[in-house]
2 protein chains.
Amino acid sequence: MGSDRLTVREIARLAGVSVATVSRVSNGVGQVSEETRRRVQRAIEEHGYRPDHLGRALAAGRHGAVGLVFPGLSGPYFSELIQGFEAEAVHTRTSVHILCTHLRDDSDAEVVEMARRVDGLAVFGGTVSPDTLRELAKLVPVVVLAGEGPPGMPSVRAENVAAATALTRHLLADHGLRGLVFVGDPRNSPDVTGRWEGFRAAHRQLGLPAPRAPLRVGLEQHDGVFAAEQLLSRAAPPRGVVCANDETALGMLVGAAARGVRVPADLVVTGFDDIPMAALVSPALTTVRQPVRELAGRTARLLLRAAAGEAGGPDAALVLPTDLVVRRSCGCPAPTGAGTATARRPATGHRPTTDHTTTEHDPTAAGRRPAAGARSTR
Amino acid sequence: MGSDRLTVREIARLAGVSVATVSRVSNGVGQVSEETRRRVQRAIEEHGYRPDHLGRALAAGRHGAVGLVFPGLSGPYFSELIQGFEAEAVHTRTSVHILCTHLRDDSDAEVVEMARRVDGLAVFGGTVSPDTLRELAKLVPVVVLAGEGPPGMPSVRAENVAAATALTRHLLADHGLRGLVFVGDPRNSPDVTGRWEGFRAAHRQLGLPAPRAPLRVGLEQHDGVFAAEQLLSRAAPPRGVVCANDETALGMLVGAAARGVRVPADLVVTGFDDIPMAALVSPALTTVRQPVRELAGRTARLLLRAAAGEAGGPDAALVLPTDLVVRRSCGCPAPTGAGTATARRPATGHRPTTDHTTTEHDPTAAGRRPAAGARSTR
DNA sequence: TTGAAAGCGTTACCAA
DNA sequence: TTGGTAACGCTTTCAA
């Protein structure tokens, strides 16, 4: 178990030098004669010495780690987010600690606790209260991911309102649908708030009466099934639903199928995020693509720069563009579909990567091909 | 941002006492006169002083944190695992740091790096090499989660082989199916290895020829769709597939539906894990339930005890029992199904919690009901 | 009951 | 090029 930890002093003694010299060698800084360096190096390697983190951090006044705070981790969206973030952090040799607050009531305290162990914090929108966010910012640099913080706090998010507006307008104007229902809880997260916002804006812009209240459910697949049960057992089920994310929409598809409700003939369903499954179900899901990877990457860069003590640029609130992805679940015909100005249509059927133009390498494409011998997730 | 951190010295000066007294008060140890205690307490609260973690950890020689190492985070399985682990850790005021190694080639080094920042490590089976595992164990206490480590290393896992055997026997013997295909990569993780093992054992036990090689795909939903494409485009598609987990099975269902293949009439599909969606799809998924929450809880308790320096008991490799859950996707009739000895059948249709006897509180049940005003995941 | 001082393991400054 | 030593912020003896 916890073997005899060796210290700089120990190595110094063994190599017959001072601790200062050992520190210089192990960090590769300062001037050390070739001969001494070799001697110290040998002692280090021979005993497998690695400087203790606590000591180092205490002396440096830095932890060499940043925190990533999420409410939960369900689904490919978060998975991708984390991957994008870590890919960036690895460059600066900064380790990333993930904290899931879940729904615990003392979660804000937990986040504050974490703030004391890291050099910076990326907090997912809606995870902690604005007050706590301000408190955190007094301790360490904070960047809000997929949301907005108090004025002046840097944040990175995807454009939700306009995309949701375009999507909803597509259903209302191009498909002539009425009585649409928004499935998701706008209080859930800033993302959902924005999508609900756009949903309403579309109605307003077209001079239609305001839509009814949203069906407030969570963002996981089974929440969508639950929503389908609710909606489809009504006397007059809606002709279309705009789901807060793809997973809910997939669940909706499942629930509809279970009741023999045909999509899109009887019910139109749309999602949000464009996760890999969105293009694989039938009918393929009309949705909005957001640059998840870049979202995470930009957040990481912003945070890492701030955590390193470099003056934060004037970049306050970054908003990344999104794309409407029109597929079949909205009622558009298979290969060529009527779309809005921003719509990009599927070229072929079943490959999410080639469905629409992507600006960056999409790792899910590689993931789908089961490369023999490669270790896969889990 | 990083405001003037106050130190113990500062507070001592303000309260007109020594640092030792401040330390005693802030930790609630030792003897301090009521009067002094109040004065120090006031200074502490007035300035919002909280002892620095690094200093404290350095003095104590402990980090007050443990690490949780996963290959990735896709799906409800990991989500549940993390939640279960953290629920246990919160009791001991230990914070949990999650590390996702993804598929990076330098991930073993990353794990070693993390080992130097925590008091103990729970490593998901198959995430790091046995050699690295041994190296880690030299630095901190290690518990393997959902797998087994080198001899002597504590581990907690679910019973896979017998469950997979029972499941497969059910298909072979009770349903008379032949030419089954195992969908999943046994090299992926110990869990999958065990399931493949059981799959083969069932064939052996019934005196049937050994099954063909598994269709090696990942464990996410889209991997199942991919597998369906592969299998169903063959000249002679299989009559049944045993999927390595529920998500793959759900993807298989989607892929089958897209091709007009009926389940279970044309194709029998089974999963593993019993995630919430398993009971909600139609046909509902025949699968194996594993006590994910308890898996995580036991791992946490084992690790936390070891991390606290308490002598680890004689508990080497814990194996938790699993349950075969027979639903419709295997071909059993809806309400009452032919089952094996261990089978527990659904009582009603659509509530995973009540589908089969569970020994502990199932948080997904609460999660499914969208409690108005409650913050939901993400 | 309180305080002075010695660590904890590292880095970095200042002399030598 | 090296070594001594003072931080870093805290806990914890040991005396008073």
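Order of the sequence lines sets the chain letters (A, B, ...), proteins ahead of strands, with each chain counted from 1.
- Put simply, B:Ser18 has a side-chain N or O that comes within less than 4.0 Å of OP1 or OP2 on C:dG3.
- Across all strands shown, A:Ala20 has heavy atoms under 4.0 Å from base atoms, whether or not it also approaches the sugar-phosphate.
- The side chain of B:Ala59 approaches D:dG9 more closely than any other nucleotide in the set C:dG9, D:dG9, C:dT1.
- Here the nucleotide nearest the side chain of A:Thr21, chosen from D:dT11, D:dG3, D:dT5, is D:dG3.
- The distance from atom CZ of B:Arg37 to atom P of C:dT2 is 10 Å, rounded to the nearest whole Å.
- Among the atoms of the strands shown, only primed sugar atoms or phosphate atoms (P, OP1, OP2) are found under 4.0 Å from some heavy atom of A:Val17.
- At whole-Å resolution of the value, CD in A:Gln31 and C1' in D:dT2 are 11 Å apart.
- When each of A:Ala60 and B:Arg24 is assigned the nucleotide of DNA chain C bearing its nearest heavy atom, the one mapping closer to the 5' terminus is B:Arg24.
- Atom CZ of A:Arg9 is separated from atom P of D:dG4 by 12 Å (rounded to the nearest Å).
- Along DNA chain C, the nucleotide closest to B:Leu58 and the one closest to B:Val32 are compared, and the more 5′ of them pairs with B:Val32.
- The backbone N or O of B:Val66 lies less than 3.5 Å from no partner atom in the side chain of B:Asp119, so there is not a single donor-acceptor pair.
- What separates CG of B:Leu54 from C1' of D:dT11 is a distance of 15 Å, to the nearest Å.
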Show, in sequence, the C-alpha distance, side-chain angles and deciding distance for A:Glu10 and A:Arg13, and conclude whether the salt bridge (Lys or Arg N to Asp or Glu O under 4.0 Å) test is met. CA-CA 5 Å; A:Glu10 199 68 3; A:Arg13 195 178 58 73; 3.3 Å; yes

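- Rounded to whole Å, the distance from CD on A:Glu10 to P on C:dC8 is 11 Å.
- Note on A:Val8: a base of the nucleic acid sits closer than 4.0 angstrom, heavy atoms only.
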Given the rule in the side chain to side chain donor-acceptor pair (under 3.5 Å) test, do A:Asp108 and A:Ser129 qualify, once you have shown the distances and angles that lead to the verdict? CA-CA 8 Å; A:Asp108 279 25; A:Ser129 70; 3.3 Å; yes

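- Among the atoms of the strands shown, only primed sugar atoms or phosphate atoms (P, OP1, OP2) are found under 4.0 Å from some heavy atom of A:Ser33.
- For A:Ser26, the listed nucleotide lying nearest its side chain is C:dT11; candidates were C:dT11, D:dC10, C:dG9.
- At the phosphate of C:dT11, OP1 or OP2 sits under 4.0 Å from a side-chain N or O atom of A:Ser23.
- The CZ atom of A:Arg62 sits 12 Å away from the P atom of C:dA12 (whole-angstrom rounding).
- Look at CZ on B:Arg56: it is 13 Å from C1' on D:dT12, rounded to the nearest Å.
- Counting only N and O atoms by type, the side chains of B:Glu113 and A:His53 include a donor and acceptor under 3.5 Å apart.
- Counting only heavy atoms from C-beta on, A:Asp52 has its side chain closest to C:dG9 among C:dT1, C:dG9, C:dA5.
- Panel note: side chain B:Asn27, backbone B:Val29; no donor-acceptor pair is recorded below 3.5 Å.
- Rounding to whole angstrom units, NE2 of residue B:His63 and C1' of C:dG9 are separated by 11 Å.
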